[in-house]
Amino acid sequence: MRSERLEKLLVGGGALLAFLSFWQAAVSLGLVDPLFVSSPARIWLAGRSLLDDPDFWRDVRVSANEFVTGYLAAIALAIPLGLIVGWYRRAQYLLGPFIDSLNAVPRVTFLPIIVVWFGIGLWSKFAVVFLGAIIPIIIATQAGVRASEARFLRVARSFGASQRKIFSSIVLPGTVPFIFTGLKYAAGRALLGVVVGELYASAAGLGHMIAEAGNTFQTDTLFFGVLLFTATGLVTTGLLDLVEQRFERWRPQPAATQ
Amino acid sequence: MTRAHPIVRLYLAHERAILGLAALLAVLIVWEGLGRGWWADLLSPLLGRSAEALRLKPIFVSSPSAVAAAAWSLFVTTGRIWPHLAASGLELALGLGLALLVGVPLGLVCGRYRLISHAVAPFVSALNATPQVALLPLVVLWIGTGLAARVFIIFLLAVLPLFINAHAAVRTTDPRLLTVARSFAASEAFLFRSIIVPSATPFLLAGLRLAIGRGMIGIVVGELTGAAIGVGFMINRAGATFETDVVFVGVFTIVAAGLLLTDLVRRIEAAVGVWRAPIEGA
């Protein structure tokens with residue numbers, strides 16, 4: 001098992017390194033025009049100079065604000081809603097059709113309407129991020145409630161546990177892994193919302209920076225911006241994994257019981 | 001169960017449909033009322049002038065009746081939407097086709113050969129963590145704003161779920177089947193053709209369903225820049241000119257197309273899954 005992980009690291013790292021050197025070599029040897037493909041060294045330099053640029057930090061703040069606010073608002077509403085829809089059959093009957101049909105389509109499709117309603121400022125991005133993130137969390141939370149271990153429920157009922165007790169001691173802890181799955185998926189959707197919202201219509205933010213860099217052939221800046229989004233995606237997922245481990249620490253380890 | 005009134009029994013038997021329809025109807029009525037100022041008129045004795053806040057401009061919210069009228073005109077009387085639909089359909093078909101051609105074989109090969117999988121892994125996880133639409137300006141820089149760029153964006157969005165599912169599918173192939181085939185000296189090509197691909201099919205179809213949803217994003221986002229035709233373009237233009245009813249028709253069309261296509265795949269999944277049952281039972 002250990003050796004396979006080492007192999008994965010070596011082969012993966014090697015492939016990445018080979019790709020980067022090939023890219024750099026192709027540009028350095030003049031085989032391709034850096035105007036179109038940039039190069040690792042150029043991206044590094046562009047990143048360095050951007051870090052000293054106050055406009056860049058303004059873009060970062062704007063995008064971060066959109067992402068965090070929209071995502072947190074979605075979490076705050078989606079988890080209770082998911083629990084309600086999962087727990088009460090009639091709530092599911094009432095809201096299910098809306099949730100399911102919103103789930104069936106990417107919410108960025110609503111962007112043109114959202115822009116008509118909220119303008120091209122921060123609010124339209126909040127709305128797009130919020131809409132993108134809320135549905136996966138509701139769906140996952142609801143699925144978590146549904147998937148409550150039937151044996152536990154039966155035991156609790158036979159001992160006369162109240163509905164409230166069942167909910168707080170069995171259903172709620174059981175939903176945690178599901179909620180985290182939803183949160184991770186939703187983070188990707190939220191990030192997508194930031195990018196599309198800013199590409200579509202905005203005057204600030206990293207998506208706007210990328211679009212502008214593309215229009216003015218600043219390929220290095222463009223790549224750096226895309227990499228920032230990649231890093232954000234990786235970091236968010238990593239953080240959520242950490243929080244999930246913290247929440248799941250009480251759970252008996254399956255490895256220990258085997 | 002005690003004997004309930006027939007109406008109550010009827011309600012209980014169809015509770016799901018009744019409540020769902022009621023909620024839908026309520027939303028439509030509230031929406032229509034906002035567009036026509038019903039609620040402002042109704043509540044003005046109570047709230048006075050502040051009730052006017054509930055009278056929204058039709059260019060803002062449109063209304064179900066206006067959307068229905070616009071849909072009728074776009075689909076039937078003028079038929080203006082059909083060229084847009086055809087253009088977007090072509091983009092989607094080409095983009096998904098390309099994603100299938102690249103993602104599925106690559107995923108199958110990566111699932112089968114560990115070294116290739118390790119080599120590809122960093123690129124896949126990087127692309128997976130990136131919102132792929134952020135690459136749109138780069139795509140435009142490389143291949144312009146024509147059909148090729150839109151197809152490529154749809155491809156970028158759709159290829160990952162197909163790759164990931166194909167990869168996972170190979171991993172879950174029953175190892176006993178592979179061992180048996182190999183003990184009878186089956187070639188790699190035979191293994192792929194007769195064992196891996198058939199057992200991967202449900203996963204591939206599930207991936208295709210995800211890919212279709214991603215492709216819908218591609219249609220809307222890809223047609224943001226430089227397109228002159230397509231449903232996404234129609235939505236964008238209508239949004240810019242405040243034809244809100246047309247925007248809604250476009251959005252609902254994409255919703256309907258997405259639902260229809262995923263439902264189609266689900267049907268294929270059900271049909272393909274039929275042969276599987278006896279094996280499970282054995």
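Side chains are part of it too, since the values below use all heavy atoms of this structure and drop only hydrogens, waters and symmetry mates. Throughout, a chain's letter reflects where its sequence line sits, starting with A, and its residues are numbered from 1. The model shown is predicted, which means the values in this text are computed figures rather than measured ones.
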Peer 1: Is B:Ala119 in contact with chain A via its backbone, its side chain, both, or neither, using a 4.5 Å heavy-atom distance?
Peer 2: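 B:Ala119 touches chain A through backbone and side-chain heavy atoms alike.
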Peer 1: Given the rule in the side chain to side chain contact (heavy atoms under 4.5 Å, CB included) test, do B:Arg114 and A:Lys8 qualify, once you have shown the distances and angles that lead to the verdict?
Peer 2: CA-CA 9 Å; B:Arg114 208 177 57 223; A:Lys8 179 167 186 178; over 6 Å; no
Peer 1: Under 4.5 Å from any heavy atom of chain B, what part of A:Thr109 do you find: side chain, backbone, both or neither?
Peer 2: both
Peer 1: Under 6.0 Å from the CD1 atom of B:Ile7, do we count more than 12 heavy atoms belonging to anything else shown?
Peer 2: no
Peer 1: Which pair of non-hydrogen atoms, one from B:Gly20 and one from A:Pro97, has the smallest distance, and what is that distance?
Peer 2: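 Heavy-atom minimum between the residues: CA-CG, 4.1 Å.
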Peer 1: Heavy-atom count check: over 12 atoms from other residues, nucleotides or ligands less than 6.0 Å from B:Phe123 CZ?
Peer 2: yes
Peer 1: Is A:Leu192 in contact with chain B via its backbone, its side chain, both, or neither, using a 4.5 Å heavy-atom distance?
Peer 2: both
Peer 1: Looking at chain A, which one of B:Ile235, B:Ile18, B:Leu138, B:Leu115 has the largest number of heavy-atom pairs inside 4.5 Å, strictly under?
Peer 2: B:Leu138
Peer 1: Quick one: what part of B:Val27 sits under 4.5 Å from any heavy atom of chain A, side chain, backbone, both or neither?
Peer 2: side chain
Peer 1: If I measure from the heavy atoms of chain B, does A:Arg107 come under 4.5 Å with its side chain, its backbone, both, or neither?
Peer 2: neither
Peer 1: Closest heavy-atom contact between A:Pro112 and B:Val247?
Peer 2: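 Smallest interatomic distance, heavy atoms only, reads CB-CG1, 4.2 Å.
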Peer 1: Give me the atom names and distance for the closest heavy-atom approach of B:Pro122 to A:Gly12.
Peer 2: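 It is CG-O, 3.4 Å.
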Peer 1: Do you know which of B:Ala121, B:Ala126, B:Ser125, B:Ala238 has the most heavy-atom pairs with chain A at a distance under 4.5 angstrom?
Peer 2: B:Ala126
Peer 1: Sort out for me which of B:Gly239, B:Gly258, B:Ala23 touches chain A most, counting heavy-atom pairs under 4.5 Å.
Peer 2: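 Counting heavy-atom pairs under 4.5 Å, the top option is B:Ala23.
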Peer 1: Based on non-hydrogen pairs under 4.5 Å, which of A:Thr232, A:Leu234, A:Ile113 is most in contact with chain B?
Peer 2: A:Ile113
Peer 1: Quick one: which of B:Val255, B:Asn128, B:Val61 has the most heavy-atom pairs under 4.5 Å with chain A, could you say?
Peer 2: B:Val255
Peer 1: Could you tell me whether the side chain of A:Leu199 reaches within less than 4.5 Å of the side chain of B:Leu136, counting heavy atoms only?
Peer 2: yes
Peer 1: Could you tell me which non-hydrogen atom of A:Ile210 sits nearest to which non-hydrogen atom of B:Pro137, and how far apart they are?
Peer 2: CG2-CG, 3.3 Å
Peer 1: Does any heavy atom of chain A fall under 4.5 Å from the side chain of B:Leu141, the backbone, both, or neither of them?
Peer 2: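 For B:Leu141, the contact with chain A is made by backbone and side chain together.
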Peer 1: Please report the closest heavy-atom contact between A:Phe36 and B:Trp142, naming both atoms and the distance.
Peer 2: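 Residues A:Phe36 and B:Trp142, closest heavy atoms: O-NE1, 2.8 Å.
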Peer 1: For residues B:Val251 and A:Phe110, report the shortest heavy-atom separation together with the two atoms involved.
Peer 2: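 The pair with the smallest heavy-atom distance is CG1-CE2, 3.3 Å.
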Peer 1: Can you tell which part of A:Gln92 gets under 4.5 Å to a heavy atom of chain B, answering side chain, backbone, both or neither?
Peer 2: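 Contact with chain B is through the side chain of A:Gln92 alone.
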Peer 1: Roughly how far apart are B:Leu135 CG and A:Thr230 OG1, rounded to 0.5 Å?
Peer 2: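 So the gap between those two atoms works out to 7.5 Å.
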Peer 1: Check each atom of B:Phe242 against the heavy atoms of chain A and say whether the ones under 4.5 Å are side chain, backbone, both or neither.
Peer 2: side chain
Peer 1: I'd like to know which of B:Val221, B:Ile219, B:Ile212, B:Leu24 tops the heavy-atom pair count under 4.5 Å against chain A.
Peer 2: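 Ranked by heavy-atom pairs under 4.5 Å with chain A, first place is B:Leu24.
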Peer 1: Which answer fits A:Leu95, side chain, backbone, both or neither, if we ask what part of it has an atom under 4.5 Å from a heavy atom of chain B?
Peer 2: neither
Peer 1: Mind ranking B:Glu15, B:Gln132, B:Met216 by heavy-atom pairs under 4.5 Å with chain A and telling me who comes out on top?
Peer 2: B:Glu15
Peer 1: Applying the side chain to side chain contact (heavy atoms under 4.5 Å, CB included) test to B:Thr130, which of A:Val226, A:Leu228, A:Val195 qualifies?
Peer 2: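 Going through the options one by one, the only one that passes is A:Val226.
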Peer 1: Please classify the contact of B:Val140 with chain A as side chain, backbone, both or neither, using a heavy-atom distance under 4.5 Å.
Peer 2: neither
Peer 1: Which bit of B:Arg214 is near chain A, if near means a heavy-atom gap under 4.5 Å: side chain, backbone, both or neither?
Peer 2: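 When you check distances to chain A, only side chain atoms of B:Arg214 fall under 4.5 Å.
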